[in-house]
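Every chain is numbered from 1, with letters handed out A, B, ... down the list of sequences. All values reported here derive from a predicted model rather than from experimental measurement. Just so you know, these numbers use all the heavy atoms, side chains as well, and skip hydrogens, waters and symmetry mates.
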2 protein chains.
Amino acid sequence: MYSLNNIKQNNCPLKFISNILGKKWVCEIIWEIGNDKKRFGELQRCIEGCSKKMLIQQLEFLIENGIVINDKKELKNNIQSTYYLSECGVSLLPIMETMILWSNKHIKCDC
Amino acid sequence: MYSLNNIKQNNCPLKFISNILGKKWVCEIIWEIGNDKKRFGELQRCIEGCSKKMLIQQLEFLIENGIVINDKKELKNNIQSTYYLSECGVSLLPIMETMILWSNKHIKCDC
DNA sequence: CAGAATCCTATGTGATACTG
DNA sequence: CAGTATCACATAGGATTCTG
């Protein structure tokens, strides 16, 4: 249901990437599997506050966009589903690093 | 109504900035006034498809976040309201440039 | 364990009309 | 011209339950 096509029709490159990185949980997901592949359950535990439904939804979105890759293995009586970044996904990491640097400079800590 | 506070409470720097750049029209707005200040009407004409309501809403959001600055002058019988980037806003431009570069590499042109 | 399917609500967003 | 207000609808997103 996620409108990958809509996104691709955005010929504006700014819209294209901000529609990806701006989606809820997407940055967190990319960041979490940036270092090492993770299983679905692990991710769920890492990313606090993200419902299972949203996690699945956004992972699918990232897979459709070629940013995340999913491997499934059938074990005895359950499934092991792991997620990791594609080359394309990995190339987002340096951008996200500069984003983090910017935030840390400009976040006003009111806590 | 816009939850600036919610955003500030996001102690996660990735959430912080992606909540800004991911908002609809925000990237376009920042980009459009990146080079030179623009009046409200100019902006409206630049950013196709953005309703007046949304434009105002997102501009206010950016002002609250210290990214955009607004100057108002009273002319004879109307108001001249111009918008431009704060220093903080300007510091977003290089990040957005790398975002554009990434997009141009990875956008799959289906048109 | 990983995922699918429903239901339900809050929020986002467009269209339109109004104001100084 | 710049901004406000209101309605009406679409989408996002949480909670919960079900399946192999």
Worksheet item: Within a strict 4.5 Å, meaning less than it, do heavy atoms of the Ser81(B) and Asn70(B) side chains meet?
Response: yes
Discussion item. Does Glu42(B) reach a base, just sugar-phosphate, or nothing at all? Heavy atoms under 4.0 Å.
Written reply: nothing
Discussion item. Rounding to an integer number of Å, can you tell me how far Tyr83(A) OH sits from dA2(C) P?
Written reply: 8 Å
Item to complete: Rounded to the nearest angstrom, tell me the gap between atom CE in Met54(B) and atom C1' in dA2(D).
Response: 17 Å
Response to the item:
Side-chain atoms of Trp25(A) come closest, of dG14(D), dG3(D), dT13(C), to dG14(D)
Worksheet item: dG3(D) phosphate, OP1 or OP2: any side-chain N/O from Lys72(B) under 4.0 angstrom?
Response: yes
Practice prompt. Name the nucleic acid region contacted by Lys53(B), choosing base, sugar-phosphate or nothing; use a 4.0 angstrom heavy-atom cut-off, strictly under.
Written response: base
Item to complete: State whether Ser81(A) places a side-chain N or O below 4.0 Å from either non-bridging phosphate oxygen (OP1 or OP2) of dC1(C).
Response: no
Worksheet item: Between atom NZ in Lys73(A) and atom P in dA2(C), what is the gap in whole Å?
Response: 13 Å
Worksheet item: Expressed in angstrom and rounded to an integer, what is the separation of Asn19(A) atom CG from dT13(C) atom P?
Response: 11 Å
Worksheet item: Counting only side-chain N and O atoms of Arg39(B), is one of them less than 4.0 Å from OP1 or OP2 of dA2(D)?
Response: yes
Worksheet item: In whole Å, what is the span from the CG atom of Leu55(A) to the C1' atom of dA15(D)?
Response: 16 Å
Worksheet item: Between atom CD1 in Ile56(B) and atom P in dT19(C), what is the gap in whole Å?
Response: 16 Å
Discussion item. Taking the side chain as everything from C-beta on, heavy atoms only, tell me whether Phe61(A) gets closer than 4.5 Å to Lys23(A).
Written reply: yes
Item to complete: Would you mind reading off the distance between Glu74(A) atom CD and dG20(D) atom P, rounded to a whole angstrom?
Response: 14 Å
Practice prompt. First locate atom CD1 of Ile47(A), then atom CD of Glu42(A), and finally report the distance between them rounded to the nearest 0.5 Å.
Written response: 11.5 Å
Discussion item. Base, sugar-phosphate or nothing for Ile79(A)? Non-hydrogen atoms, less than 4.0 Å.
Written reply: sugar-phosphate
Item to complete: Could you tell me the separation between the NZ atom of Lys23(B) and the P atom of dG12(C), rounded to a whole number of Å?
Response: 7 Å
Worksheet item: With a 4.5 Å heavy-atom cut-off, do Ile63(B) and Ile69(B) have their side chains touching?
Response: no
Item to complete: Measure the CZ-CZ distance between Arg45(B) and Phe40(B) for me, rounded to the nearest 0.5 Å.
Response: 10.5 Å
Item to complete: Name the residue closer to the 5' end of DNA chain D, choosing between Asn78(A) and Gly49(A) according to the nucleotide with the nearest heavy atom.
Response: Gly49(A)
Worksheet item: OP1, OP2 of dG14(C) versus side-chain N and O of Lys24(B): anything below 4.0 Å?
Response: yes
